[in-house]
Amino acid sequence: MKKIIAATSISFLLFSSVAFARMSGSGHMMDTGHSQQMMNNQQSNQAGSQQMGNHNNMMGAGQSSQMMNGQQGSQAGSQQMGNHNNMMSAEQSHQMMSDHMMGNQTHKNMSGQMRKSGMTDDKSIKNQQ
Amino acid sequence: MQIAFDNDFKQVKFLSSAAVFTYLFLSSVLMLPAISHADPKNTYFEIGGGFSTGDFGGQTRTNLYYINSVIGYVTQSYDLSITVPYPFMISDNNDSHQNGMMNTKNGIGDITLQAGGLLLEENMAGFSIYGSLSAKLPTADEKDGLGTGEADYGAFLDIGKNISNFKISLLPGYIYTGDSATQKYGDINIYGIGASAIFDQTYYYLSYEWRKSMFSDTEDPQFINGGFSHAFNTTYAIKSDVSFGLNKGAPDLGLKIGLVTWF
C-alpha cells in the first residue's frame, strides 16, 4: 500500500513538474511569442507610421512640388502675360509714334485742306488736296 | 548695391522724363493759345479712346483699352504734337494649366512727342515729301507691361503724289528702340503704302503697313488700317479708325475714335 502511495506521489510530482515545466515553457514561449508579436506589431506600426510618414512626405513633397510648380506656372503665366502686355503696349506706342498710321495725319491734312479751301464754319472743304 | 543703383537710375530716368514732359506740356498749354491768336485754328486738342486685342499666336489674349489726349499745332510747313495715353491692359490666359488667369493693369502710358516738317513742297508733278521725328518717353510702368521702360525714337517719311482728288503715299520709316537691362529689343524698319482723299468735309484713308518686329521670336507685324475724319465746322471734328492684323505679329483688331476741337 505504501509502495502504491509512494509511486502515485512520485508520479504526481513528476507529472506536476513536467506539467509545470511545460506550462512555464509554453508561457515563456507564449510571452516570448506575444512579445515578439507585439514587437512585430510595433515594428509594423513603426513601419506603418514610417510608411504613412513617407506617404505624407510624398504627399507633402508632391503637394509642395505641385504648389511650387503651380507657383512657377503662375509666375510663368504672369511672365507670359507681362510679355504679351509689353508686346501690346509696344505695338500701341509705335502706332502712336508712327506718322505712317494715316489716322495720325488727319489733323495736318484736314488743317491744310481747311486752309487751302478757306473753309469757314459755313463752307465745306473742297474736293481737293 | 547693383539693384539699388538700377533703381536709382530708373528713378532718375523716370523723373527726367516726367520733367521733360511737364516742361513740354506746360509750354504747349501756355504758348499755344498765344500762337493760335496769331494764326487761328492752328491748334487742336483731341480726346479719344480705343480698343485693341490680340494673342500674338500664344495662349494669352491681351485686350487693351485706352484713353488718349493729344494736343497739337499745325501750320502749312510743320506740325507738333504731344500724345498722353492712359491704358487699361487686361490679359486673359486661356492655357488650361493657368485656369483662365486674368490680369488687369492700368496707369499712364508712354507719352509720345512728334514733330514734322515739309521737306519738299508739292511740285508740278504733284510730288511732295513730309518728314517726321517722334520720341516715345518711358513714362509707363515697365513692370506692369504698360511699356518697355525705355525711350524709342522714330523717323518717318511720307512721299506723296496727288492724283486728282486722291493722294498716294509711300511710307518708309525707322524706329530706334531702347534696350532694357534685361531685354534687348530690335530696331524697327517700316514700309507702308496708303491712299487718302477728301470729299466735302470728310477725309478718308486706307493703308497697308509692314513692320519689322522688335521681338526676335515674333512675326513681323502686318496690318491694314482705314478710317475717316469729319469736320463739322472749323472748330469741331470727329475721327475714327479701324485696323486689322494680317498675321500673328500684329493685334487682331484695333478700333479708335476721337473728338477734335480747333482753337
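Scope of the values below: all heavy atoms of this structure, side chains included, with no hydrogens, waters or symmetry mates. Computed from a predicted structure; not experimentally measured. Lettering of chains follows the sequences in order, A, B, ..., and the numbering in each one begins at 1.
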Non-hydrogen atoms of chain A under 4.5 Å away: do they reach the side chain of [X], the backbone, both or neither?
X: Tyr153(B); result: backbone
X: Thr177(B); result: side chain
X: Leu133(B); result: neither

(request) Just jot down the salt bridge (charged side-chain N to carboxylate O under 4.0 Å, His left out) partners of Asp141(B), sequence neighbours excluded, or say none. (result) none

(message) Using the rule given for ring pair (Phe, Tyr, Trp, His ring centres under 6.0 Å), can you reason through Phe215(B) versus Tyr185(B), listing the C-alpha separation, both sets of side-chain angles and the distance that settles it, and then say yes or no?
(response) CA-CA 6 Å; Phe215(B) 300 95; Tyr185(B) 299 105; 5.7 Å; yes

(message) Shorter than 4.5 Å, heavy atoms on both sides: which option in Thr53(B), Asp152(B), Thr148(B) has the most such pairs with chain A?
(response)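 Of Thr53(B), Asp152(B), Thr148(B), Asp152(B) has the most heavy-atom pairs under 4.5 Å with chain A.
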
(request) Under 4.5 Å, counting heavy-atom pairs only, tell me which of Ile188(B), Asp110(B), Leu64(B) racks up the most with chain A. (result) Leu64(B)

(request) Assess the side chains of Ser81(B) and Gln114(B): does a donor N or O sit below 3.5 Å from an acceptor N or O? (result) yes

(message) So which atom in Thr62(B) and which in Ser91(B) form the shortest heavy-atom distance, rounded to 0.1 Å?
(response) OG1-OG, 3.6 Å

(request) Go through the structure and list residues passing side chain to side chain donor-acceptor pair (under 3.5 Å) with Thr112(B), not counting sequence neighbours. (result) none

